[in-house]
Structure formats: structure tokens, C-alpha cells
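One structure below.
Only this structure's heavy atoms are used, side chains among them; waters, hydrogens and symmetry mates stay out. Indexing begins at 1, ligand by ligand and atom by atom, following the structure's order. Numbering starts at 1 and runs along the sequence shown.
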Amino acid sequence: MLGKMTRRHFLATAALTVAADPVAACRWRHNHCVIPGCSPQVGLRVRPNILSLSGPQLESLKRGVAVMKALPPTDRRSWAFQAAIHGTDDKTYTNPLFNQCTHSDDHGNLYFFPWHRAYVYFFERILRWAANDPTLMLPFWDWTTYPVLPAAFRYPADESNPLYEAKRLKNDGSPLLSSTVVDDLEIALGRVSFSDTWRYGFSHQLEKSPHGNVHNEVGGLMGAVPTAARDPIFWLHHANIDRLWNVWLNQSVGRAALTDASYLDNPYTFADETGGTVTVRVRDIISSQALGYAYEGVPSPPAQFVAAEAKPVPPRVVASSAPEKPEAKLEKVEAKPLGFEEKRVKLHPLKETRRTLREALPGARPPGEAKSNILVTIEGISAEVAPGFVYRVYIYLPDGERSEDMLRQHYIGAISFFGKTRRERLAAPHQHGSDEFSDQFDATQALARLRAGGQQLDPDALTITILPAVTSRPGRSAEQVRTKAAAVAEEAKVSYKRISVRVIGGE
Ligand code: C2O
């Protein structure tokens, strides 16, 4: 206890002597400041990396979880009640506080970050109360630097361990895909705007993947909204998502929260450590500093706000897998199954917008002049349940042998199913309009990369390749892993209807 206090005190003092501007003084590696003692401001409680927990801290975390699990489900502080605030598919277990998890749907909701921040914050207060340890902070799982489920959540692998959950796919210690935890994160952190009408700002990108795909890759309860928060790793995953919000804000000017009053006034109700309810508005929770906490290795970002982006000119469809009727209602388009196999789809430029496409492709104009983004949309996706492997999406990917490096060059992102499957939609029908969703990828960066590498980007040879990816698993041959994945794909029944390319801006 005393040792811990002393260390915290030391870190705080050291941070003060590093520089007046803690953000500028940081040296980042994998989103972590590597300067020893570079720690958030004095007076803030620090959420630690799970890997830096001391023995007593880990015991305290386990005790808090065990106590919450032992409370009756009618107690708002119980494990069951807290998890149901996120979601539940038990129709006999009801409360106005249940099923609140806020994800962006096809209408582009922007409450994902603030809602989950507040949810985790009140959970942490309850956990501290349950552990009877006023110093307890929720740790985060930084899966980018450590893509394996932390050992304390896997061993002992039985009921004696309150952090263990038997149904996970990742209890075997196999790592998450690096395309999810490294590449997708890089895409999301690279976004300057928090939101945008066409759903490729930071909020939507990060929410889809890594956020959603880590859920699905961990699998089991974590793989679906109505059960996710019952798995103890959920809370460390979301502490990390919350941390990445701060990491993103720290990156540069222009990255900021929204000022929109109706957004900031939006209220949410949770339970706190007294067992009573508490209502907060987005503006109360938009800054982690105002809530009194920070993350190990991440300085608190300055509170800065920007107006939500004005609606840009609607993008124009320039190429489609269904060129005869590129904008036909999706109800009329036939679904094409996506199993555990490669799907290469040829896209056809549309006559009327051919010039827009040609000019938008990198290389057509002098660098610096081309200001348009190229968006790839996979429309009419549906899935019974999430497949537990990942569908990665590539542009202009050649057939035949492909090196890892080649795959990375052509990668534009991965489809995310979290919160979008038919089973999840049935659990919370009020959250969703239809059974299908579309997923959007910004291919601008990848195209520029390919062009810089000397590739000719021919509008008439435009292809999108969807490739399922699954990590190797200890003790199983590649063949066994594939057979299993194919069986899972059968059950997931994934299909899509159309792929389109749109150009936004640049006119
Ligand atoms: Cu509300 Cu990670 O989900």
C-alpha cells in the first residue's frame, strides 16, 4: 500500500519535471509513451495496464468481481445487473436501465465513446466498493502491444477464478489478428475528424475495428452485445477503448470533441456504488480528467471542442458490382453467400461517372491536387451470428501467391459484425431498422500506397477481394483450424448483396 503511494507520488513528480507540455514531451511507441515516469497529471487516479498490476492489486480486482457476482441480480450493483445495462437477451429480466449499449447503426450514432466511458466509470466505482479497496482502479488490456488474453483471465481455468469465462475462443492463448489490433487501429487513429456523415471518422472506424473485431475474435459471451459485459475481459477491453480515445485526442490539433449542444446534453442513467441511480449528460463525461482519472502512459488530453462536420456533398457512385442498377433498392438485389473462402468481385465503372473515378484515382492528377476520397461500401450484409473469424477486405489484390507484405499494401479494412447480427438485432429490436447493414471502407490511403509502389490503377480492372482470416491455434494443425472455421461459417450464414465505390469531394 505504502509502496504504491510512493510510486504514484514519484511518477507524478517526475511527470512535472519532464516538461511543461506533457503531450509534446512524450515519445510514443505503439501508442504508449516510452519515457519512464511520463505519467498523467498530479491528482488524477491512474488506470493501469493489466500487465503492470501488483499481486495485491490483482487480488483486489478479483475480489471486487467475485463480490459483484455474488450479489442478487436485483441489486443494481450486481454483476448480472451491470452486464444487463449493456444488453440482455433474457426477456424475463427487465429494467428501464437495461439494453443501453450504444453503437452506431446505419444512421451513424456518435454516442459510442461517451456512453461507454460513463458505463465503465460507474462500474469502476462499484467495483472499488465491492472490493472494499478505495485505491482500486480498473486496468486496461492493451491488445496492440499484447494481443494475447492476459493470463489472469485464463488461469486457473475454472470457477475458482472470477476472471475466467469458459466460452471464449481465445482462452488457448492464441493472439488476435495483427490486422485488427495494429492495422485497423492505425487507420482509425489516422482520422482527424471524430465524426462524419459518411461514417469513416475516428468514432466509427475505431468502433468497427479494432473494437468490434476484438469482441468477435475473443468470442463466446464477448462476441455479441446482449452477453458481452458478462465476460470480465469486457471491462478491460473497454478501458482500453476509452484510453484510445485519449490517445487519439492527444495526437494533434483538429482532433476534438463535438460542441453540438443537443449532443452534449444527451442524458444517460446508470447505477453507482450506493445502489441508487445516477443520471449524467454527455458534457459531464466528455473529459476523463474531469472525471478524475487518466491512463498509465497517456497524458490527459486538453479539452477542446469542434463543431460537428457540415454535411458534405453526397458521394457519387462511380463503380459497382451491379452496374446495370447501381442504386436499385437492396430488397431487390440477390444475396450472395460469403463462406470461409475467398471472394473476388469485379467492379464495373459507371458510364456517367467514369471521369470522376478516373480523376479520383491517385496518379491522375499532380499530387496535392487530388482532394477526393474513394469509399468502398459492401451493402446488404447479413449474418445470423458473428463468424468468430475476420473477413478482411482488399482492393486491386492480385490472384495467386501473396506475401504478408503484399496483403498489407492492398488492405482497406475488415467487416465488423459486432452488434449487427440477426440474433443481436432480435434481442434489442428498438435499436435497429433492418436485418441488414452496410460497411464502409476508405480506400484512399491504400490506393495512394499502391500507386506510390508503382502500380497502375486501371478503372476497368477494379476488384475487391474479401478474404477470411483466422489465427493459428496452439495444438491444432492449419487444416483443423480451417475445417473448424468452415463449420462456423455454415452457422454464421454471412451474405452480402452489392459492392459499390463512391467518390466524395474533389469536384
Ligand atoms: Cu457496447 Cu464493446 O460494446
Side-chain angles (χ1 to χ4, degrees), residues 47 50 79-89 97-124 138-144 147 149 153 165 167-170 176 180-181 184-185 188 202-246 248 266 268-271 280 282 285 385-386 388 390 414-421 423-432 437 439:
R47 286 190 184 158
I50 178 69
W79 192 260
F81 194 100
Q82 285 294 307
I85 291 178
H86 192 260
T88 175
D89 44 16
L97 261 53
F98 290 176
N99 286 311
Q100 283 192 51
C101 167
T102 301
H103 283 266
S104 64
D105 42 27
D106 287 352
H107 310 293
N109 161 330
L110 291 167
Y111 295 108
F112 171 74
F113 279 96
W115 183 84
H116 286 84
R117 167 167 287 175
Y119 179 46
V120 168
Y121 171 76
F122 287 108
F123 170 87
E124 183 185 55
L138 186 67
F140 60 89
W141 173 27
D142 177 0
W143 20 249
T144 305
L149 200 65
F153 288 74
E165 161 43 52
K167 297 194 201 79
R168 297 178 194 127
L169 299 172
K170 291 294 175 194
L176 299 163
T180 302
V181 294
D184 291 348
L185 179 61
F202 168 72
S203 178
H204 296 124
Q205 285 291 335
L206 196 115
E207 179 192 323
K208 272 184 5 176
S209 189
H211 164 258
N213 283 352
V214 168
H215 269 282
N216 288 140
E217 285 189 55
V218 168
L221 298 176
M222 271 285 273
V225 169
T227 51
R230 277 156 48 195
D231 184 338
I233 199 64
F234 171 93
W235 302 96
L236 281 75
H237 174 45
H238 268 280
N240 194 44
I241 294 296
D242 190 63
R243 181 185 70 92
L244 291 169
W245 189 11
N246 283 0
W248 174 79
N266 206 51
Y268 292 113
T269 303
F270 298 95
V280 291
V282 169
I285 51 178
V385 291
V390 171
I415 301 177
S416 168
F417 294 94
F418 186 65
K420 297 178 170 167
T421 61
R423 205 170 286 174
E424 286 162 284
R425 284 167 187 250
L426 285 175
H430 63 281
Q431 305 251 23
H432 305 286
F437 65 99
D439 207 343

- prompt: Between Phe234 and His86, does the ring centroid distance fall short of 6.0 Å?
  reply: yes

message: With a 6.0 Å cut-off on the ring centroids, do Phe270 and Tyr121 count as close?
response: no

field: Those residues that, when tested against Arg230, pass side chain to side chain donor-acceptor pair (under 3.5 Å) (two or more places apart)
entry: none

- prompt: atom 2 (Cu) of ligand 1 to His211: any N/O/S contact under 2.8 Å?
  reply: yes

query: Counting backbone and side chain alike, does His116 bring an N/O/S atom below 2.8 Å of atom 2 (Cu) of ligand 1?
result: no

query: Taking the side chain as C-beta and beyond, is there a heavy-atom pair between Asn213 and Phe418 under 4.5 Å?
result: no

query: At atom 2 (Cu) of ligand 1, what is the angle formed between atom NE2 of His238 and atom NE2 of His215, rounded to the nearest 10°?
result: 120°

- prompt: With a cut-off of 2.8 Å, does His86 place any N/O/S atom under that distance from atom 1 (Cu) of ligand 1?
  reply: yes

